[in-house]
Amino acid sequence: MSNDVHSNGSVGSGGEDPLVIGDYEFSSRLIVGTSRYPNPQVMLDALDATGTELVTVAIRRVNVENPAPESHLDLLRQGGYEILPNTAGCYTAREAVLVAQLAREALGTDLIKLEVIGDDETLMPDVEQLLNAAKTLVDDGFTVLAYANDDPITCRKLANLGCAAVMPLGSPIGSGMGLVNPYNLRIIREEVDDETPLIVDAGIGTASDAATAMELGYDGVLLNTAIAEAQHPVQMARAMRLAVEAGRHAQRAGRIPRRLYAQQSSPSAGRVQVDE
């Protein structure tokens, strides 16, 4: 894992195909959550298997001011991971902005994964509150990664506000339903300028979901439950890493056109002729 910290705050060399989010640069295009694992050691082993450099932590669930030795946050720091604090559990723009400001002061980072949830049942974003919070945080100098509905208009507005990354959901958080609306995800990719990274966040269930997201032209994948609650988390973590890499390579390579009928791969010339 290439976690050399640059003087501008960026992480890693990024290799030949880096994921660039604001002033940060990452070799891995997989961002991983840190909750719901059976125990801390499984979490660390799984994170290592993903090759991730950026991990997200819910600020409301950790003591950021006085982390105890071997605490959740301390273990991640020892592992050399860049911390992406998130505003999970916030239902208004005001709450989300306050949590983001606390995270910046305590962790010394301008990175924030912005979540403003509309209700407990669906955990879908509240669009009005999300846009208000995004504008406030961008204006305040945050590097905002905004979790959004799979709505092209909302995603375009978030990009236009200056969010460093826009992260439409694949399906509801923790559902494991995969990409339930690839049609909208494709439109979002066309609506949002290539300069704004698009990351599928939430709902990924297995490796094929992650590969499909990358094949749609997305710049990365953020997931948690698909690994943490898999029967074998570390094995699933490896699968997700390979899926994201394979999907990225496939998208850049360019797939062949879909055809209704077969097209032979061998030339007709020289074909054996048998007289009847």
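Quick note: residue numbers are just sequence positions, from 1. We use all heavy atoms of the structure for the numbers below, so side chains are in, but hydrogens, waters and symmetry mates are not.
- Checked by atom type, the side-chain pair Tyr24/Asp110 shows a donor-acceptor distance below 3.5 Å.
- Between atom CG of residue Leu161 and atom CG of residue Asp139 there is a gap of 8.5 Å, rounded to the nearest 0.5 Å.
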- CA sep, side-chain torsions, deciding dist, call: Leu98, Thr87, side-chain contact (heavy atoms from CB on, under 4.5 Å): CA-CA 9 Å; Leu98 176 59; Thr87 63; over 6 Å; no

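- The pair Glu191-Arg189 does not meet the salt-bridge criterion, since no charged nitrogen lies less than 4.0 angstrom from a carboxylate oxygen.
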- Take Thr206 and Asp209 through the test side-chain hydrogen bond (donor to acceptor under 3.5 Å, both in side chains) and record every step on the way to the result. CA-CA 6 Å; Thr206 191; Asp209 299 330; 5.9 Å; no

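- When the side chain to side chain contact (heavy atoms under 4.5 Å, CB included) test is applied to Gln231, no partner is found at least two apart in sequence or on another chain.
- Using a 4.5 Å cut-off between side-chain heavy atoms of Ile, Leu, Val, Met, Phe, Trp and Tyr, with links allowed through other members, Leu73 and Val99 fall into the same hydrophobic cluster.
- Looking at Glu245 and Arg241, a side-chain N of the basic residue comes within less than 4.0 Å of a carboxylate O on the acidic one, giving a salt bridge.
- Looking at Asp193 and Thr196, their side chains never bring a donor and an acceptor atom within 3.5 Å of each other.
- Here OG1 of Thr34 is found 11.0 Å from OH of Tyr81. Values are rounded to the nearest 0.5 Å.
- Under the 4.5 Å side-chain heavy-atom criterion for Ile, Leu, Val, Met, Phe, Trp and Tyr, Leu216 and Ile187 are members of distinct hydrophobic clusters.
- The same ILVMFWY cluster, assembled from side-chain heavy atoms under 4.5 Å apart, contains both Leu44 and Leu223.
- Listed here is the closest heavy atom pair of Glu115 and Ala96: O-CB, 4.3 Å.
- Minimum interatomic distance between Ile227 and Ala237 (heavy atoms only, all atoms of both residues): CD1-CA, 3.8 Å.
- Considering Val200, Leu179, Asp201, Thr212 in turn, Val200 is the only one that fulfils the side-chain contact (heavy atoms from CB on, under 4.5 Å) rule with Tyr218.
- In the displayed structure, Glu105 atom CD is contacted under 6.0 Å by at most 12 heavy atoms of other residues, nucleotides or ligands.
- Going from atom CZ of Arg156 over to atom CG of Asp151 covers 9.5 Å, rounded to the nearest 0.5 Å.
- Put simply, CG on Leu185 and SG on Cys155 are 8.5 Å apart, with the number rounded to the nearest 0.5 Å.
- Note that the CD1 atom of Ile112 and the CG atom of Leu84 stand 7.0 Å from one another [nearest 0.5 Å].
- Arg248 has a carboxylate O that lies under 4.0 Å from a charged side-chain N of Asp17, or vice versa, which qualifies the two as a salt bridge.
- The same ILVMFWY cluster, assembled from side-chain heavy atoms under 4.5 Å apart, contains both Val55 and Val42.
- Put simply, CD1 on Ile173 and CG on Leu123 are 5.0 Å apart, with the number rounded to the nearest 0.5 Å.
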- Could you please spell out the steps behind the side-chain contact (heavy atoms from CB on, under 4.5 Å) verdict for Asp219 and Leu19? CA-CA 7 Å; Asp219 300 286; Leu19 172 62; 4.0 Å; yes

- Candidate pair Asn132 and Glu128, rule side-chain hydrogen bond (donor to acceptor under 3.5 Å, both in side chains), full reasoning: CA-CA 6 Å; Asn132 289 340; Glu128 180 182 7; 4.7 Å; no

- Message: Show, in sequence, the C-alpha distance, side-chain angles and deciding distance for Asn86 and Thr56, and conclude whether the side-chain hydrogen bond (donor to acceptor under 3.5 Å, both in side chains) test is met.
- Response: CA-CA 6 Å; Asn86 69 60; Thr56 183; 2.9 Å; yes

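- Looking at Met43 and Leu76, their side chains come closer than 4.5 Å, going by heavy atoms from C-beta outward.
- When hydrophobic clusters are built by joining Ile, Leu, Val, Met, Phe, Trp and Tyr residues whose side-chain heavy atoms come closer than 4.5 Å, directly or via intermediates, Ile199 is not grouped with Tyr147.
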- Message: Walk me through whether Ser35 and Asn224 qualify under side-chain hydrogen bond (donor to acceptor under 3.5 Å, both in side chains).
- Response: CA-CA 7 Å; Ser35 64; Asn224 183 175; 2.7 Å; yes

